[in-house]
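Note sheet for the following structure.
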Amino acid sequence: MIMEQSSKVAEKVPLGLTASQWDAISKLRAPEDAHIPTTEASRPTSVYLSEARFEAEMRDLFKKVPVVAAPSAYLPEPGMSLPQDCYGVPLLLTRDRNGVAHAFINACRHRGSKLVEGDKPVKAGRVSCPYHAWTYGMDGALVGIPRQETFPSAKKCDLGLVSLTCYESGGFIWVGLDPDYAPEQIEGTDQVAEDLESFGLDKMHVYGRRLYDLKTNWKFVMEPFLEAYHIQRLHANSIASMFVDVPSVYTHLGDHQRQTSGKANFKPEMLQEEVDNLHKFVTHAYLVFPNTVVITSPYYFSVMILMPRAKDRTVVDYYMLVKGPADSEKAEALYAKSFALIDEVFGGEDFRAAELQQEGMNSGAIKEVFFGGLEEMIGPFHDSIESYLAPEDR
Ligand code: FES
Ligand SMILES: [Fe+2]
């Protein structure tokens with residue numbers, strides 16, 4: 001009986017969605033029928049303020065699980081390389097001639113100079129050190145040493161770039177940040193990847209990228225993207241009217257999370273009909289654990305990678321992804337307007353709120369924070385982080 005039911009669900013999944021996405025969408029209710037969540041949680045403010053806690057998170061979480069370094073779409077062609085410094089580790093992402101992505105430490109094996117500067121993808125096929133021109137292929141192999149006869153003992157095959165764990169999945173380039181440790185993909189990542197690929201994230205195009213250097217703990221930046229409670233309040237003058245003040249459908253995908261939210265114009269009856277663009281009516285927000293957020297919009301997706309730099313500093317690497325390069329003035333105008341709106345809402349409201357939290361808590365007077373029913377996924381986010389830490393660091 002159970003098997004019959006699940007095969008029926010699988011057969012009727014519409015819109016190219018995964019069965020898991022469709023299951024969540026089917027649970028969306030009209031505002032008057034939504035249940036009132038009452039799950040509460042709390043945390044001591046030391047989880048944001050303590051230096052020891054920050055160091056434990058870097059050591060036992062960020063260096064122990066694969067993290068997103070960039071959307072695959074930002075390194076679209078074979079022969080491209082992309083420096084990525086935002087984690088505070090000089091990374092060099094490359095795509096070799098077979099299209100395989102690699103991640104290396106962006107440092108020369110001769111005398112350690114950074115190889116490639118900047119933060120934009122470039123297509124060159126190989127990288128050459130600015131100091132003495134040792135040259136490397138996109139697969140990290142050392143291919144050229146000027147005046148090689150003066151290094152009689154150097155073996156090129158032993159002097160490739162220092163490589164990091166790297167793979168692509170769900171439209172992202174994932175890396176391990178510690179060259180001495182090869183992290184394994186965490187549970188739930190396959191489902192996240194399947195979901196994001198069902199939306200075509202792996203085939204999208206980067207319209208714009210923006211870096212935000214914020215004076216706040218990375219978890220303060222993450223939390224507004226895990227709850228809808230603030231939308232009618234913090235965003236009262238911007239996007240509040242597009243949403244309703246009801247709980248989303250929350251799904252745990254291992255330590256990753258998915259929020260499925262009906263927008264103000266969503267009606268459950270719509271699911272019986274053909275919908276041309278689901279993203280006009282339903283917003284999906286993913287926590288790609290531990291530090292990446294994906295939010296769907298009708299004509300673009302937002303990807304934010306939150307890169308912790310200190311207990312009170314976070315660099316947010318924001319990407320706006322669209323179906324393809326703008327093919328008309330109308331499309332360009334729409335994308336440009338959206339890119340400006342994102343800066344206003346995320347930059348001016350969500351990120352600002354995260355900085356204000358840090359400022360308030362720097363007083364030392366607030367010892368504990370509370371999460372109510374409309375913030376019910378924040379407690380599990382902290383649970384997930386803490387599951388990687390030693391008991392004395394939690
Ligand atoms: S440091 Fe790179 S070639 Fe010398
Ligand atoms: Fe927000």
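Numbering of ligands and ligand atoms starts at 1, following listing order.
Between Lys280 and Tyr299 there is a side-chain heavy-atom pair separated by less than 4.5 Å.
Using a cutoff of 4.0 Å between basic side-chain nitrogens and carboxylate oxygens, Asp245 and Arg233 are scored as salt-bridged. A salt bridge links Glu149 with Arg147; the closest basic N to acidic carboxylate O contact falls under 4.0 Å.
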Please report, to 0.1 Å, the donor-acceptor pairs under 3.5 Å made by any side chain of residues 378-390, with sequence neighbours excluded.
| residue | atom | partner | partner atom | Å |
| --- | --- | --- | --- | --- |
| His382 | NE2 | Tyr48 | OH | 3.4 |
| His382 | NE2 | Glu223 | OE2 | 2.8 |
| Asp383 | OD1 | Arg43 | NH2 | 2.6 |
| Ser384 | OG | Asp255 | OD1 | 2.8 |
| Ser384 | OG | Pro380 | O | 3.2 |
| Glu386 | OE1 | Arg43 | NH2 | 3.2 |
| Glu386 | OE2 | Arg43 | NE | 2.8 |
| Ser387 | OG | Ser384 | O | 2.6 |
| Tyr388 | OH | Asp255 | OD2 | 2.8 |

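The angle subtended at the Fe ion (ligand 2) by NE2 of His235 and NE2 of His230 is 100°, given to the nearest 10°.
Taking the ring centre of Tyr136 as origin, the terminal cationic atom of Arg109 falls outside the region bounded by 6.0 Å and 45° from the ring axis.
Residues of the protein with a heavy atom under 4.0 Å from ligand 1 are Cys108, His110, Arg111, Ser113, Cys129, Tyr131, His132, Ala133, Trp134, listed by chain and number.
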Test Ile305 against Tyr87 for side chain to side chain contact (heavy atoms under 4.5 Å, CB included), laying out the working first. CA-CA 10 Å; Ile305 313 171; Tyr87 276 111; 3.5 Å; yes
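Take the N/O/S atoms of Asp350: the one nearest the Fe ion (ligand 2) is OD1.
Residues Val316 and Leu341 fall within the same hydrophobic cluster, defined by Ile, Leu, Val, Met, Phe, Trp and Tyr side chains chained together at heavy-atom separations under 4.5 Å.
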